[in-house]
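Keep in mind that the numbers below use all heavy atoms, side chains included, and drop hydrogens, waters and symmetry copies. Remember, it's a predicted structure, so these values are computed and weren't measured experimentally.
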Amino acid sequence: MNTELSMSRRKKTPFIRRHIPMTVITVLFIITLGFSFVLRSSPELSCFFAFRVFDKVRIALGFVSSLLPFCLSELLIILFVAYLIFWLVFSMICLIKRLVKKEPLSKLSKNLLLIPVAILLTVGIIFNLSFCAGYFAPPVSEMMGIDTELTEDELFFTLDYLVAVINDSCSKLSFENGSAKLTKSFSQVADELVDCYDSLALRYPILSQKSFKAKPILLSPLMTYTHVSGIYTFFTGESTVNTNYPDYILPYTVSHEYSHQRGIAPENESNFLAFAACMESDDPFIRYSGAANAFSYIADDAYALNEARYFEAIASLDKRLFEEYSAYREFFKKYENNPAADLSSAANDAYLKANGQEEGIVSYSLVSSLISNYVCKEAK
């Protein structure tokens, strides 16, 4: 009798009382999501929280993950996917038993589903309390005192500057099969670029948050099929880099992810800062990486604006840069068209648009005015 009464009471126990941790996580997610919408309406408030409050969260996460010699986020993602596969198989078995043997659906199967839901909500909470505000802060150009208007003379001044940097760097580098070869280890490059950002932060304090050394992704060859060269994983505070890409991509990618680690969210601003930080280095390969990646953006706009002046400007350019681009295109043929890339691009585009970046993945290339005005500003 007492057993039946006890079971009856358990059945009537509200979901909230039976799943207190899940309820708490859900409530916290709703609260932080609501606060993130408040931040969207105020760039000044977003700036304060992004660089004066939430930076503490990014630093704490980055410090903890930096204690590990491997990429924590990669491990967590692998475990999460493995768990989903386990849950799917387990649930299918339970469903078959229900259909064939008329057994009730296992409560364990239902409860196991709550775990990945709780994980995703927790990731959402971390995003809202660490990185989200950066999307709605004032533009980095405003915070760094850089003009946004771009004249033809400024654009071609920048093109001339990049040609000079590339020529100087190429004379000090070794090339193999058309590609410049990185002679330092990934770890050394990652350390040097932390110093580059620290140097840049002396002139632009908005970048003064501490960086933690980038980590290589173990499954880089597989990741290349997604066309992703690096990710800042906000839920662990790590800058992670796909090391399968050609060498000249690596320093620029590390630098790009470091800007996210320091609170800069928009992709065009991170591409600009990747270039600016690379230019702080004395290492010819790091400077080459920054200039070679920036050149593709500046050259396209310069060619569209004044074709004759463009060809005049690049007449003295070291032709090994075009060999670099050609080698990259050859490398990328293997990964160019595949469902993983389409899915990754669609997901990233939706993510960026959901966070106020109306151009979506096109925003990566909207960087010429930032680079050009920065080069002109620094040259004065």
Side-chain angles (χ1 to χ4, degrees), residues 39-40 42-52 54-55 58 127 130-150 154-155 158 162 193-194 196-201 203-209 211 214 228-234 239 241 249 251-280 289-291 293-298 300-301 348-349 351-378:
L39 294 179
R40 290 169 185 251
S42 174
E44 293 75 18
L45 192 62
S46 294
C47 183
F48 173 78
F49 276 93
F51 300 104
R52 294 292 179 265
F54 294 160
D55 60 323
R58 294 193 300 272
F127 175 73
S130 64
F131 195 58
C132 178
Y135 284 109
F136 309 105
V140 73
S141 57
E142 180 180 324
M143 295 187 285
M144 294 175 65
I146 299 172
D147 292 334
T148 54
E149 296 297 324
L150 180 61
E154 288 171 335
L155 183 64
T158 304
L162 293 176
L193 283 165
V194 170
C196 290
Y197 263 96
D198 290 340
S199 173
L200 196 61
R203 302 194 303 280
Y204 304 102
I206 196 67
L207 302 173
S208 60
Q209 183 195 309
S211 285
V228 175
S229 60
I231 301 175
Y232 170 64
T233 50
F234 59 84
S239 294
V241 177
I249 299 291
Y252 186 80
T253 300
V254 171
S255 189
H256 176 105
E257 303 311 328
Y258 279 166
S259 72
H260 288 323
Q261 201 174 57
R262 295 189 179 219
I264 304 300
E267 298 300 341
N268 63 322
E269 296 180 0
S270 289
N271 270 347
F272 151 62
L273 288 172
F275 162 77
C278 286
M279 293 303 101
E280 292 292 303
S289 176
N293 280 277
F295 181 88
S296 60
Y297 300 120
I298 299 299
D300 284 348
D301 288 347
N348 194 22
D349 189 64
Y351 162 78
L352 292 172
K353 288 177 179 177
N355 285 285
Q357 308 302 295
E358 296 179 0
E359 300 85 0
I361 57 175
V362 176
S363 64
Y364 283 89
S365 62
L366 304 178
V367 67
S368 291
S369 63
L370 286 170
I371 291 175
S372 294
N373 282 295
Y374 173 78
V375 168
C376 294
K377 181 177 186 291
E378 290 288 308

K.L.:
Quick one: which residue pairs count as a salt bridge (Lys or Arg N to Asp or Glu O under 4.0 Å) with a foot in residues 262-280, not counting sequence neighbours?
P.N.:
Asp198-Arg262, Arg203-Glu280
K.L.:
Which heavy atom in Ile231 sits nearest to a heavy atom in Val228, and how many Å separate them?
P.N.:
CG1-CG1, 3.5 Å
K.L.:
Of all heavy-atom pairs between Gln209 and Gly263, which one has the smallest distance, and what is that distance?
P.N.:
OE1-N, 4.3 Å
K.L.:
Only counting residues at least two apart or in another chain, list the ones meeting ring-ring contact (aromatic ring centres under 6.0 Å, His included) with Phe49.
P.N.:
Phe35, Phe54
K.L.:
Taking only residues two or more places apart in sequence or in another chain, which ones pass side-chain hydrogen bond (donor to acceptor under 3.5 Å, both in side chains) with Glu359?
P.N.:
none
K.L.:
With heavy-atom distances below 4.5 Å as the criterion, would you say the side chains of Leu193 and Cys278 are in contact?
P.N.:
yes
K.L.:
Are Ser141 and Leu370 side-chain neighbours, meaning at least one heavy-atom pair lies under 4.5 Å?
P.N.:
yes
K.L.:
Can you sort out the partners of Tyr351 under side-chain contact (heavy atoms from CB on, under 4.5 Å), two or more places apart, ordered by chain and number?
P.N.:
Phe127, Phe131, Tyr135, Asn348, Asn355
K.L.:
To the nearest 0.5 angstrom, please state how far the CG atom of Leu200 sits from the CD1 atom of Ile206.
P.N.:
12.0 Å
K.L.:
Which residues pass the side-chain hydrogen bond (donor to acceptor under 3.5 Å, both in side chains) test with Thr233, sequence neighbours left out?
P.N.:
Ser73, Thr236
K.L.:
Closest approach of Gly360 and Asp349, non-hydrogen atoms and distance?
P.N.:
CA-OD1, 3.2 Å
K.L.:
Rounded to the nearest 0.5 Å, what separation is found between the OH atom of Tyr374 and the CE atom of Met144?
P.N.:
6.0 Å
K.L.:
Would you say the side chain of Phe275 lies within less than 4.5 Å of the side chain of Val367, judging by non-hydrogen atoms?
P.N.:
no
K.L.:
Can you list everything that forms a side-chain contact (heavy atoms from CB on, under 4.5 Å) with Asp300? Sequence neighbours excluded, please.
P.N.:
none
K.L.:
Only counting residues at least two apart or in another chain, list the ones meeting side-chain contact (heavy atoms from CB on, under 4.5 Å) with Ser208.
P.N.:
Ala201
K.L.:
Could you measure the distance from the CD atom of Glu149 to the OG atom of Ser372? Nearest 0.5 Å is fine.
P.N.:
12.5 Å
K.L.:
Who are the ring-ring contact (aromatic ring centres under 6.0 Å, His included) partners of His256, not counting sequence neighbours?
P.N.:
His260
K.L.:
Please check: side-chain N/O of Ser255 versus main-chain N/O of Ala274, any donor-acceptor pairing under 3.5 Å?
P.N.:
yes
K.L.:
With rounding to the nearest 0.5 Å, note down the distance linking SG in Cys196 to CE in Met279.
P.N.:
9.0 Å
K.L.:
Is Tyr197 close to Leu273 at the side-chain level, that is, under 4.5 Å between some pair of heavy atoms?
P.N.:
yes
K.L.:
Looking at residues at least two apart in the chain, or sitting in another chain, which of them share a side-chain hydrogen bond (donor to acceptor under 3.5 Å, both in side chains) with Asn293?
P.N.:
none
K.L.:
Could you state the interatomic distance from CG (Asp301) to CD1 (Ile371), rounded to the nearest 0.5 Å?
P.N.:
9.5 Å
K.L.:
Nearest 0.5 Å please: distance from the OG atom of Ser369 over to the CD atom of Glu154.
P.N.:
10.0 Å
K.L.:
Do you know the tightest heavy-atom contact between Val140 and Ile264?
P.N.:
CG2-CD1, 4.1 Å
K.L.:
Could you tell me which residues satisfy side-chain hydrogen bond (donor to acceptor under 3.5 Å, both in side chains) with Asp147, sequence neighbours excluded, listed by chain and number?
P.N.:
none
K.L.:
Between Pro43 and Pro138, what is the shortest heavy-atom contact and its length?
P.N.:
O-CD, 3.2 Å
K.L.:
Applying ring-ring contact (aromatic ring centres under 6.0 Å, His included), name anything that partners Tyr204, two or more places apart in sequence or on another chain.
P.N.:
none
K.L.:
Is the shortest heavy-atom distance from the side chain of Tyr252 to the side chain of Asn271 under 4.5 Å?
P.N.:
yes
K.L.:
Work out which heavy atom in Ser270 is nearest to a heavy atom in Ala265; give both atom names and the distance.
P.N.:
OG-O, 4.4 Å
K.L.:
Taking ring-ring contact (aromatic ring centres under 6.0 Å, His included) as the test, write out the residues that go with Tyr258, two or more places apart.
P.N.:
none
K.L.:
Whether the side chain of Arg58 engages the backbone of Phe51 through a donor-acceptor N/O pair (distance < 3.5 Å, no angle test) should be reported.
P.N.:
no
